[in-house]
Amino acid sequence: PKDKILAFVTRQGSSNSHTAILARIMGIPSLVKTQINLDDAVDGHQMIVDGFDGRYYIDPDEEVVRLMQEKKHTADEHQRQLEAYRGKESVTRGGQKVKLFANIGNPSDVEHVLKGDAEGVGLLRSEFLYLGRDSYPTEDELYNAYRKVVEGLQGRRVVIRTLDIGADKQADYFQLDKEENPALGLRGIRICIRRPEVFRTQMRAIYRASALGPVSVMFPMIASVWEVRKVKEMCQAIRDEMAKEGIPMGEVEHGIMIETPAAALVSEQLAAEVDFFSVGTNDLTQYTLAVDRQNPSLDGFYDPYHPALLRLLRLVAENAHKAGIWCGICGELGGDLTMTETFLDMGYDELSVSPTRVLELRKKVCESEVSPK
Ligand code: PEP
Ligand code: MG
């Protein structure tokens, strides 16, 4: 129950694990990889969690309470000033426009999208609808979840990512074999290709929801052109079957995530197959640098600013635009204000970030001098 959680502190995890990402989406202050002692008496005690400095205080003294209140006041004040950017267009002083979308995990996050003033949803991590349950969701259950999102967004676009189960997101009822290297194993689109009936149920729900408002779909963990062709074939067969049944559907853009180095390197060929690219920098960093994003002891080695990553990001944008398709970034790096100018300069058309980051990012965009090439 999100409304009952003010903050959380864990011993495990890393800043790029999904726990941390979901906390950012919901605007819940959280600390991961701490030394907190589970024997500490915290029940019934006052605790302050400082997400800015990564510190927590159990039974803080008066001086700490005062300092933390001041800090919170400053943060609230900053947030109030950002309100000036609500409803404004995201355009640089040089006239370059960029779409600022939000990442969500569940239909209930739509409230954060509206509160954060995002222009749409650039990544709905649909696998969260499959987690924390004992059996596959039915087509109707999925449809109802997507319907809530589409209706809640009131005309704004939602990009639904097909389920990215596997790696750190496991559901027992999928009965996947235990793997030595789950991050390199059966995950994302690989599962959908191997389990066409699971894919079909999800796609039918997505296509049904597309009759209610603007919907795009994108496929995770693509590495090869044949995978995209295969998935497109599967999608066409599903649409044909639905059309025969007389089920209403809207126009749906089909895109892919670029989150493997292979996909970035063959992006010229991939661009000919799809309507858009969205770069998943979390996995692209992990796979390019061979650094496990989940492993807290590798935080120093997990370097999303690595020149290899930036070269791939530039290449992807160039190849997208050569083919006349749009490209965005939906990994955590998209919301990194120190990278905004670089991404604008590369020509990225969309940045999809935690809903709580949108106004801050819009301010950064509006203050930038970058102009269209
Ligand atoms: C990514 O890999 O950057 C991404 C957006 O997907 P996820 O974090 O869910 O793997
Ligand atoms: Mg990913």
Side-chain angles (χ1 to χ4, degrees), residues 13-26 30 32 100-106 109 113 118 120-131 158-171 181-192 202 216-223 227 255-264 267 270 276-295 299 302-306 308-310 312-313 316-317 327-336 339 343 348 350-355 357 361:
S14 74
S15 52
N16 289 295
S17 61
H18 285 97
T19 309
I21 289 173
L22 289 193
R24 276 197 283 280
I25 287 174
M26 292 179 239
S30 62
V32 293
L100 300 185
F101 278 29
N103 298 341
I104 63 171
N106 279 295
D109 293 331
V113 177
V121 168
L123 168 62
L124 166 60
R125 286 183 165 94
S126 72
E127 58 276 7
F128 287 102
L129 299 166
Y130 291 73
L131 301 181
V158 55
V159 180
I160 303 176
R161 169 175 81 185
T162 56
L163 76 159
D164 191 12
I165 288 281
D168 62 324
K169 289 171 285 193
Q170 296 285 344
N181 292 304
L184 302 180
L186 195 58
R187 63 168 290 196
I189 203 62
R190 299 170 188 175
I191 294 189
C192 293
Q202 179 172 33
S216 305
V217 63
M218 70 177 172
F219 309 110
M221 286 301 295
I222 295 293
E227 294 163 343
I256 55 170
M257 292 194 67
I258 302 285
E259 49 186 351
T260 65
S267 50
L270 290 169
F276 67 93
F277 288 156
S278 186
V279 184
T281 51
N282 308 333
D283 277 316
L284 190 59
T285 306
Q286 147 164 280
Y287 295 124
T288 304
L289 304 183
V291 175
D292 179 0
R293 65 190 264 191
Q294 294 284 114
N295 186 337
D299 259 5
Y302 184 95
D303 174 16
Y305 310 113
H306 193 292
L309 255 306
L310 301 184
L312 292 178
L313 278 158
V316 169
C327 61
I329 297 176
C330 63
E332 293 301 286
L333 199 62
D336 183 330
M339 294 300 292
F343 294 149
Y348 274 91
E350 179 237 37
L351 298 171
S352 191
V353 302
S354 298
R357 302 287 292 157
L361 189 53

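Order of listing sets the numbers, starting from 1, for every ligand and every atom in it. Computed from a predicted model, the values in this text were never measured in an experiment.
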Quick one: are Asp292 and Gln286 in side-chain contact, heavy atoms under 4.5 Å?
-> yes
Does the Ser17 side chain pair with the main chain of Gln294, one donor and one acceptor, at a distance under 3.5 Å?
-> no
Between Arg293, Arg357, Arg24, which is the residue that forms a side-chain hydrogen bond (donor to acceptor under 3.5 Å, both in side chains) with Glu332?
-> Arg24
With a 4.5 Å limit on heavy-atom distance, are the side chains of Tyr302 and Asn295 in contact?
-> no
Show which atoms of ligand 1 fall inside a sub-4.0 Å distance from at least one heavy-atom site of Leu123.
-> 5 (C)
Taking only non-hydrogen atoms of Arg125 and a 4.0 Å limit, the atoms of ligand 1 in range are 4 (C), 5 (C), 6 (O), 7 (P), 8 (O), 9 (O)
So is Glu332 close enough to ligand 1, meaning a heavy atom under 4.0 angstrom away?
-> no
Ligand 1 contact by Arg161, heavy-atom criterion under 4.0 angstrom = yes
Within reach of ligand 1, part of Leu284 (heavy-atom separation under 4.0 Å) = neither
For the Mg ion (ligand 2), the nearest N/O/S atom on Asp283 is atom OD2
Between Arg187, Glu259, Arg293, which one has a non-hydrogen atom sitting closest to atom 10 (O) of ligand 1?
-> Arg293
Atoms of ligand 1 close to Cys330 [distance to a heavy atom under 4.0 angstrom, numbered from 1] = 5 (C)
Decide, yes or no, whether a salt bridge links Arg125 with Asp109 under the criterion of side-chain N to carboxylate O below 4.0 Å.
-> no
List every atom of ligand 1 that sits less than 4.0 Å from any heavy atom of Lys169, numbering the atoms from 1 in the order shown and giving each element.
-> 9 (O)
Glu127 (side chain) donor-acceptor with Lys169 (main chain) under 3.5 angstrom = no
Distance-only, no hydrogens or angles: does the Asn181 side chain make a donor-acceptor pair with backbone N or O of Ala183 under 3.5 Å?
-> no
Between Pro355 and Ile25, is any pair of side-chain heavy atoms under 4.5 Å apart?
-> yes
Start with the C-alpha gap between Met257 and Ile222, add the side-chain angles, then the distance that decides, and say whether side-chain contact (heavy atoms from CB on, under 4.5 Å) holds.
-> CA-CA 7 Å; Met257 292 194 67; Ile222 295 293; over 6 Å; no
At under 4.0 Å between heavy atoms, which part of Gln286 makes contact with ligand 1: side chain, backbone, both or neither?
-> neither
Under a 4.5 Å cut-off applied to non-hydrogen side-chain atoms, are Ser14 and Val32 in contact?
-> no
Sub-4.0 Å atoms of ligand 1 with respect to non-hydrogen atoms of His18 | 7 (P), 8 (O), 9 (O), 10 (O)
Report yes if Asn282 has an N/O atom closer than 3.5 Å to an N/O atom of ligand 1; otherwise report no.
-> yes
Which is it for Met221 and ligand 1 at heavy atoms under 4.0 Å: side chain, backbone, both or neither?
-> neither
Looking at Asp283, which atoms of ligand 1 are within less than 4.0 Å of one of its heavy atoms?
-> 1 (C), 2 (O), 3 (O), 10 (O)
Would you mind running through ligand 1 and noting each atom that sits below 4.0 Å from a heavy atom of Met257?
-> 4 (C), 5 (C), 6 (O)
For Pro182, does its backbone N or O pair with a side-chain atom of Arg187 as donor and acceptor, under 3.5 Å?
-> no
In Glu259, which N, O or S atom comes closest to the Mg ion (ligand 2)?
-> OE1
Does Asp164 bring an N, O or S atom to within less than 2.8 Å of the Mg ion (ligand 2)?
-> no
